[in-house]
Amino acid sequence: MNCVRFVLLLAVALLTVITTRAQKDETKPLATTNQAQASTAPVANPVSSFVKQQLTRYNKNMVAAAEAMPAEKYSFKPTPEMNTFAHLTMHIAEGNNALCSQISGTPAPTGEKLGESDPKDKLVAGLKASFDFCATALANVDDSKLSEPMLLFGRVPSSRAGALVALSSGFADHYGAQAIYLRLNGILPPTAQPKK
């Protein structure tokens, strides 16, 4: 009987030690994650800095989406009332140039205008050029003039902050449209591709 009691007491003691250690481990932060730790320092120019981050991300994804669509599918439109993929690509490039010009006060590129009937190569080149222009035009933009009034597209009253938000939300909207066009043609959008 003493032997059984000893084994039971030993088992209870071991379980107590194991449970206590596990509880202590749960309160420790995970140091082995691959995610960046959030900084507690204030972000300088939070609005313009965020839009510039989005510009980098969407430049990669939207150009990759335009490249992924086969040239013969640039005339594709999901329904007769909708725009073609070529028109969507042209629209993204024109919107980038117009908004980045207005936000930065930098004249928009004055090269040859894109057209819906242009070949894929020309439309993709125009899209890439629009993102390059935005990166250069927005390089020195900060948050010091966010409240400055402006008319977006010559008719919509807004502010510089509103223009930055419109640019960033336009990226998301247009990439979402690209993704739908791609999926309707059996092509996975860039952000849905398996990790390599």
Side-chain angles (χ1 to χ4, degrees), residues 34-36 47-104 106-139 141 151-156 158 160-196:
N34 289 332
Q35 294 180 336
V47 176
S48 57
S49 294
F50 178 77
V51 173
K52 290 174 193 178
Q53 289 171 350
Q54 293 297 297
L55 174 68
T56 300
R57 176 178 181 231
Y58 282 103
N59 177 4
K60 176 185 163 195
N61 292 330
M62 293 170 83
V63 168
E67 290 173 336
M69 183 66 91
E72 66 274 9
K73 295 288 189 174
Y74 263 62
S75 60
F76 171 77
K77 50 168 81 175
T79 68
E81 300 81 22
M82 294 178 75
N83 292 319
T84 63
F85 190 81
H87 184 92
L88 174 62
T89 306
M90 176 188 75
H91 173 75
I92 295 166
E94 289 175 348
N96 286 351
N97 288 334
L99 282 170
C100 290
S101 171
Q102 197 161 17
I103 291 165
S104 66
T106 306
T110 56
E112 188 180 346
K113 284 203 132 228
L114 296 175
E116 186 172 352
S117 61
D118 286 339
K120 173 183 174 176
D121 297 3
K122 183 175 179 182
L123 290 167
V124 171
L127 182 63
K128 288 179 180 178
S130 76
F131 277 107
D132 291 345
F133 169 69
C134 282
T136 302
L138 298 181
V141 170
L151 286 176
L152 298 184
F153 308 108
R155 65 185 186 285
V156 180
S158 188
R160 190 174 310 277
L164 283 162
V165 171
L167 178 65
S168 183
S169 63
F171 293 153
D173 178 45
H174 295 131
Y175 178 68
Q178 286 181 304
I180 291 168
Y181 279 59
L182 289 171
R183 284 189 180 273
L184 288 172
N185 283 281
I187 302 166
L188 282 178
T191 53
Q193 295 288 337
K195 300 282 187 227
K196 294 178 182 178

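This structure is a prediction, so every number in the text was calculated from the model and none was measured.
- What you find for Ala166 and Leu99 is that their closest heavy atoms are C-CD1, 4.2 Å.
- Partners of Ser168 by side-chain hydrogen bond (donor to acceptor under 3.5 Å, both in side chains), not counting sequence neighbours: none found.
- Interatomic distance, CG of Leu182 versus NZ of Lys73, reported as 11.5 Å (0.5 Å rounding).
- At distances below 3.5 Å, not a single donor-acceptor pair connects side-chain atoms of Glu94 with backbone N or O atoms of Lys113.
- Residue pairs that meet the disulfide bond (SG atoms under 2.5 Å apart) test with at least one member in residues 48-84, sequence neighbours left out, do not exist here.
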Output side-chain donor-acceptor pairs under 3.5 Å for residues 79-92, partner residues at least two apart or in another chain, one line each.
unit_1, atom_1, unit_2, atom_2, d
Thr79, OG1, Glu81, OE1, 3.2
Thr84, OG1, Ala86, N, 3.4
Thr84, OG1, His87, N, 3.0
Thr84, OG1, Glu116, OE2, 2.7
His87, ND1, Glu116, OE1, 3.4
Thr89, OG1, Phe85, O, 2.9
His91, NE2, His174, NE2, 3.1

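- No donor-acceptor pair closer than 3.5 Å links the side chain of Tyr181 to the backbone N or O of Met69.
- One distance of note links NZ of Lys120 with OG of Ser75; it measures 12.5 Å at 0.5 Å rounding.
- A side-chain donor-acceptor contact under 3.5 Å links Ser101 to the backbone of Thr106.
- Here Ser158 contributes atom OG and Leu164 contributes atom CG; the two are 9.5 Å apart, rounded to the nearest 0.5 Å.
- Nearest heavy-atom pair across Ala68 and Ile187 is O-CD1, 3.8 Å.
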Mind listing the side-chain donor-acceptor pairs of residues 125-138 below 3.5 Å, one per line with the distance, residues two or more places apart or on another chain?
unit_1, atom_1, unit_2, atom_2, d
Lys128, NZ, Glu67, OE2, 3.0
Ser130, OG, Asn96, ND2, 3.1
Ser130, OG, Leu127, O, 2.7
Thr136, OG1, Asp132, O, 3.2

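- Counting heavy atoms from C-beta on, the side chains of Tyr58 and Leu167 never come closer than 4.5 Å.
- Of all heavy-atom pairs between Leu114 and Ala93, the closest is CD1-CB, 3.8 Å.
- With hydrogens and angles ignored, the 3.5 Å screen pairs a side-chain donor or acceptor of Lys52 with a backbone N or O of Val141.
- The shortest non-hydrogen separation linking Gly115 to Leu123 is O-CD2, 3.7 Å.
- Annotation: side-chain hydrogen bond (donor to acceptor under 3.5 Å, both in side chains) contacts of Ser169 (sequence neighbours excluded): none.
- To the nearest 0.5 angstrom, Thr191 atom OG1 is 11.5 Å from Met62 atom CE.
- Here the closest heavy-atom approach between residue Arg183 and residue Ala192 is recorded as NH2-CB, 3.2 Å.
- Residues meeting the salt bridge (Lys or Arg N to Asp or Glu O under 4.0 Å) test with Glu72, sequence neighbours left out: none.
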